[in-house]
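Since the structure comes first, as C-alpha cells, the remarks are kept for the end.
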Amino acid sequence: MNIILASAEVAPFAKRGGLGDIAQFLPTDWEKFGQNSIVILPKYRDINVDFYGFKPTYRILYVPLGNWTEFAHLWEGRLPDTNVPVYLVENDDYFNRNGIYGDPDEYPDNDRRFIFFSRSVFETAKSLNFKPDIIHSHDFHTAFTMAFLKSHYRYDPLFNQTAGVYTIHNLAYQGWFDPDRAMFFSTFGIKEFYPGCWFEHYGKVNAMKTGIMFADKITTVSPTYANEIRSGYYSEGLQDVLNLRGADLIGVLNGVLYTEWNPSIDLYINHKYDLNSLEKKKLNKLEFLREHKVEDYDNPELPLVGMISRLTEQKGLDLLIDKLEYYLDNNIFRFVLLGSGEARYTDYFKYIQWKYPGKALIHLGYNTSLSHQIIAASDYLILPSRFEPCGMTQMFALRYGTIPVVRQTGGLADTVFEYIPATGNGNGFTFWHYNSDDFAYAMRRALSIYQQEPHWTIIRKNAMSCDYSSSRSALEYLKVFTWALEKVR
Ligand code: ADP
C-alpha cells in the first residue's frame, strides 16, 4: 500500500506528545510489513536538519491558499533506522518560528499555518508523483486534508482512488477557527459554511469535526477512549458528530517501538537491564539521585515516584497537588517530575522544588534523554489523568519495570490492570473516581508492596512482560486502511 502520513509532529524531529511518537512508530513498522509510506511534516525552525541528515530536494511546491499561491521548498530525510522518506515542507512565513504550536499561547495564525500545511500534503505528493492509496492524518492540524481529498483533489488522477483515514489523538484540541479566515484560506469559500455543514460547530469552523466528517474511516488511540467519546463527559462537545460517524469510528490502541524504549538497549541509560537482570534497575535510580546531589541518595527505603507529562488539567495534576505535600512532609516517597505546560502548574512545582530540596526533583522543560532516565530510575510512574486518549508513558514504564499508578480511563484502562496480591496477576494500580482520596488509596496499595517480596518481583516481571508493541497497532491500522479503501473503490 502507498501511504501518506501527514502530521504536525513526528518524533524525533518535532515532538510534544504521544502524537509525535505514533507518527514515528507506525511508518517504521509499516516498512517491516512491506508497505510503502512517506511522512510529511512542516519544517519547523527547531528541527536540526544537519543532525538528522535532511537535504533540500530543490523541488518547489505551489500551494493554493485563499486567492493566491504560496510557495514551499521540500526537504528530504529518513525516519531513524529505516528507509522511510520524510519530507519537510519549508515555508519561512509559517514555520520559521520557535516551537511547533506556539508556547505557551498558540500562534494566532495556526488556522492558516495548518491549512497551508494540509494543502501542501497534496502538492508534495504531486511533486513526487506519489499516488497514495491512503492519506492518514492526525488531530486537528491536518484535518483539512480529509476535506481537500473529497473536494479539491477528488478528480485528480493521483487521488481519485485514495481513501482518507483520520486519527483523533486528543479531542480536547479541536482547532476552532474563524469561519471567514478558514473558509477563505482553504479555498472552499464562505458559501460552503452554513449551520450544520461539515465544517461548522457552534458557529465556528471546527477542524476536528471537519476531519471526522470527511474521513472514510476515523480511528482513535484506544478502544476505551473510542467508547468514552461517544458520550458527553469525554466528547468535548462532539458526541453528536462522533455518533453520527459511529459506524466508522474504531479504537486502535497505540503501541511502543521497543527498539526505542527498551531498558536492555536504551542509549540514554547507563545500566541496561532486562527481565532476567532486574536487580540492575536500581543502579539507574542510585545514579540518578547521586547526579541530582540528593544527600541520602542510597536510602533504599524511599521509593522514587516519577511523572513525565504535559502540565495541563487533563493530566490529573490537581489530584496530585492535593496530596503531594503530605507525601513529601511524611517522607513517603521522593518525587521526580519532568514536564512543561501551563504557568499555574509550573509555578506550583517551582514552589515544591524550593520547599522540598532533595525530595522533589523538578525539571521544567522538554528533555528526551531525561525522560528515558526518569522512567528507568523511578519505582513508580503516576498518571492520575482526568481523561487519557491512550497515554504512552505508562506503556514505556511497564517495559522498564516501573509500576504505573493510573486512573482507569481511556488507554490507561486498556493497558494497566490492578495487581492482586492473592493471585499475582496485574501490572499496576488503578482507581476510577476522579478524586484525590481514591488516588491516594491506589498509591497506598502501590507503596505497600514496595520491595515486599514476592510481590515486588512478580509485579515488575508482569509489567515487563506486557507486549504493547507498535507492530500490533501498525497491523491494525493496515486493516482499517483496507476497510477505508473498500469505501472508495
Ligand atoms: P500526550 O500526548 O497527552 O502528551 P502521551 O502520554 O500520549 O501524552 O505522550 C507523551 C509523550 O511525550 C511521551 O513520549 C512522553 O515521554 C513525552 N513527554 C511529555 N512531556 C515531556 C517532557 N517534558 N520531556 C520529554 N518528553 C516528554
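Remember, it's 1-based here, ligands and their atoms both numbered in the order they're listed.
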Minimum side-chain heavy-atom gap Y468-L398 below 4.5 Å: yes
Counting non-hydrogen protein atoms only, what is the nearest one to [atom]? Give residue, atom name and distance.
atom	result
atom 24 (N) of ligand 1	N367 N, 3.0 Å
atom 10 (C) of ligand 1	G18 N, 3.5 Å
atom 22 (C) of ligand 1	Y366 CD1, 3.4 Å
atom 16 (O) of ligand 1	T393 CG2, 3.6 Å
atom 6 (O) of ligand 1	M392 N, 2.8 Å
atom 19 (C) of ligand 1	I308 CG2, 4.0 Å
atom 14 (O) of ligand 1	D21 OD2, 2.6 Å

Ligand 1 contact on K15 by region, counting heavy-atom pairs under 4.0 Å: side chain
Ligand 1 contact on S309 by region, counting heavy-atom pairs under 4.0 Å: backbone
Residue-ligand contact K315/ligand 1, heavy atom below 4.0 Å: yes
Non-hydrogen atom of H363 closer than 4.0 Å to ligand 1: no
Steps toward salt bridge (charged side-chain N to carboxylate O under 4.0 Å, His left out) verdict (E342, R310): CA-CA 8 Å; E342 294 172 25; R310 287 182 299 114; over 6 Å; no
K204 NZ/CZ over W176 ring centroid, <6.0 Å and within 45° of normal: no
Proximity of F214 and F199 rings by center, below 6.0 Å: yes
Ring centres under 6.0 angstrom apart (W75, F54): no
Within the 4.0 Å heavy-atom shell around [X], which atoms of ligand 1 are there?
X	answer
R310	1 (P), 3 (O), 4 (O)
F396	13 (C), 14 (O), 16 (O)
G17	2 (O), 4 (O), 9 (O), 10 (C), 11 (C), 12 (O)

Is any NZ, NE, NH1 or NH2 atom of the basic residue among [X] and [Y] found under 4.0 Å from an Asp or Glu carboxylate oxygen of the other?
X	Y	answer
K15	D21	yes
R472	D29	no
D109	R97	yes
R407	E388	no

Minimum non-hydrogen distance to atom 23 (N) of ligand 1, winning option of G410, S340, G365, G391: G365
Atom pair CG (L364) and OG (S340), whose distance is rounded to the nearest 0.5 Å: 8.5 Å
